[in-house]
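The structure under discussion appears below in the form of structure tokens.
Predicted model, so just to flag it, every value in this text is computed and none were measured. By convention in this document, chain letters (A, B, ...) are assigned in the order of the sequence lines, proteins followed by strands, and residues within each chain are numbered from 1.
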There are 2 protein chains.
Amino acid sequence: MNQGTPKKPDYEREMRRAGIRITRPRRVILDILAGCEDHPDAMEIFQRASAIDKSISLSTVYRTMKLLEGMGAIHRHAFEGGPARFEQASGEHHDHLIDLDTGDVIEFHSRRIEELQDEIARELGYEIVHHRLELYGRRKKRRG
Amino acid sequence: MNQGTPKKPDYEREMRRAGIRITRPRRVILDILAGCEDHPDAMEIFQRASAIDKSISLSTVYRTMKLLEGMGAIHRHAFEGGPARFEQASGEHHDHLIDLDTGDVIEFHSRRIEELQDEIARELGYEIVHHRLELYGRRKKRRG
DNA sequence: AGTCTTATTGCAAACGATTTGCAATTGCAT
DNA sequence: ATGCAATTGCAAATCGTTTGCAATAAGACT
């Protein structure tokens, strides 16, 4: 359902061009995000960053996430209950299926659903700026 | 897109049956929710309740919302940014279009989208417990 | 490399939304 | 009426996140 090469855009270049300084904390966080298969929250990113550089603070993680979000480098997801979780914005757009038992996040995409969303919004006189589609479910138990 | 008689189920009866006490604060909050066209947050409910009974506390509003949510009497929505907003669970299921400029919430429903969701989950080996579909948009400016 | 300017940092304190401990109150079965 | 557990209000605690501020460090310019 979801595929796509996990492109690795050069955010350092982009930041430099925008006059944003490349600091050690930012480099570390950027690296963590780039090599991320999952959807970590701020605390998890903070811990992974701490493992690399003890001095990085949680505030800086939050500030950096906000910065990157503003740049469009990452997406912020507010799944039910928990803290915000982040993912690199490189791949194509997708929605999420959250495993209620494990917290795992599975990505999927349906062009058809998006078309229907647009259609609905249009009929209501709206233009969609963005949307959020999250499925919360449990793994189907397979016989055996 | 959305219609349907706003049924007014007798939650007092249901609560009594479940051994849950009908207290004054609960009755007030229940009434507020029943006569609600919008999607108020806890503070708004608290204020409307205070107007009827000064002594009702915000904690009780929160506790009652949790109770009612557990009973399935209301739905809790965590739209972007703001606090949780609530609505009576009486009507049929629907999703939400949030007006980014006004915060207004428009309800809609698409059977087709739900079917597609089920299909996607099934293909991924999951059973959907519930889902969240929110469209964030702006009113289309009409020529004129 | 040395110096300057200013963005960025870490820390601790503030924040908003929500939850909780506890003693006082109240619903409701008796 | 009586009694006891459920519920309340209050204040304090909690969680995730943001912010003020003085110290630090990035990058531009010698």
| request: Measure from the ring center of Phe79(B) to the ring center of His96(B) and say whether it is less than 6.0 Å. | output: yes

Result for 5'-nearest mapping on DNA chain C, choosing between Arg24(B) and Thr64(A), is Thr64(A)

query: Within the distance-only criterion (no hydrogens, no angle test), does the side chain of His94(B) pair as donor or acceptor with the backbone N or O of Glu92(B) below 3.5 angstrom?
result: yes

Overall bend of the helix from dA1(C)-dT30(D) to dT30(C)-dA1(D) (five pairs an end, 10° steps) is 30°

Would you say the side-chain atoms of Glu87(A) and His77(A) include a donor-acceptor pair closer than 3.5 Å?
yes

Paired with Thr64(A), the side chain to side chain contact (heavy atoms under 4.5 Å, CB included) test is passed by just one of Ile29(A), Ile74(A), Ile45(A), Ile56(A), namely Ile29(A)

With B for base contact, S for sugar-phosphate-only contact and - for none (protein heavy atoms under 4.0 Å), nucleotides 10-19 of chain C reads BBB----SBB

Enumerate the protein-to-nucleotides 27-30 of chain D contacts in which both atoms are nitrogen or oxygen and the separation is below 3.5 Å.
| unit_1 | atom_1 | unit_2 | atom_2 | d |
| --- | --- | --- | --- | --- |
| dG27(D) | OP1 | Ile22(A) | N | 2.8 |

With no hydrogens and no angle check, is any side-chain donor or acceptor of Asp38(A) less than 3.5 Å from a backbone partner on Pro40(A)?
-> no

Looking at Arg26(B), I'd like to know whether one of its side-chain N or O atoms comes within less than 4.0 Å of OP1 or OP2 on dT8(D). yes

In whole angstroms, the gap separating C1' of dG16(D) from CD of Glu69(A) amounts to 15 Å

Subject >> Minimum side-chain heavy-atom gap Leu135(A)-Asp95(A) below 4.5 Å >> reply: no

State whether a side-chain donor-acceptor pair under 3.5 Å links Glu114(B) with His131(B). yes

Would Glu134(A) and His130(B) count as having a side-chain donor-acceptor pair, cut-off 3.5 Å?
no

Any donor-acceptor pair under 3.5 Å from Arg139(B) side chain to Tyr126(A) backbone: no

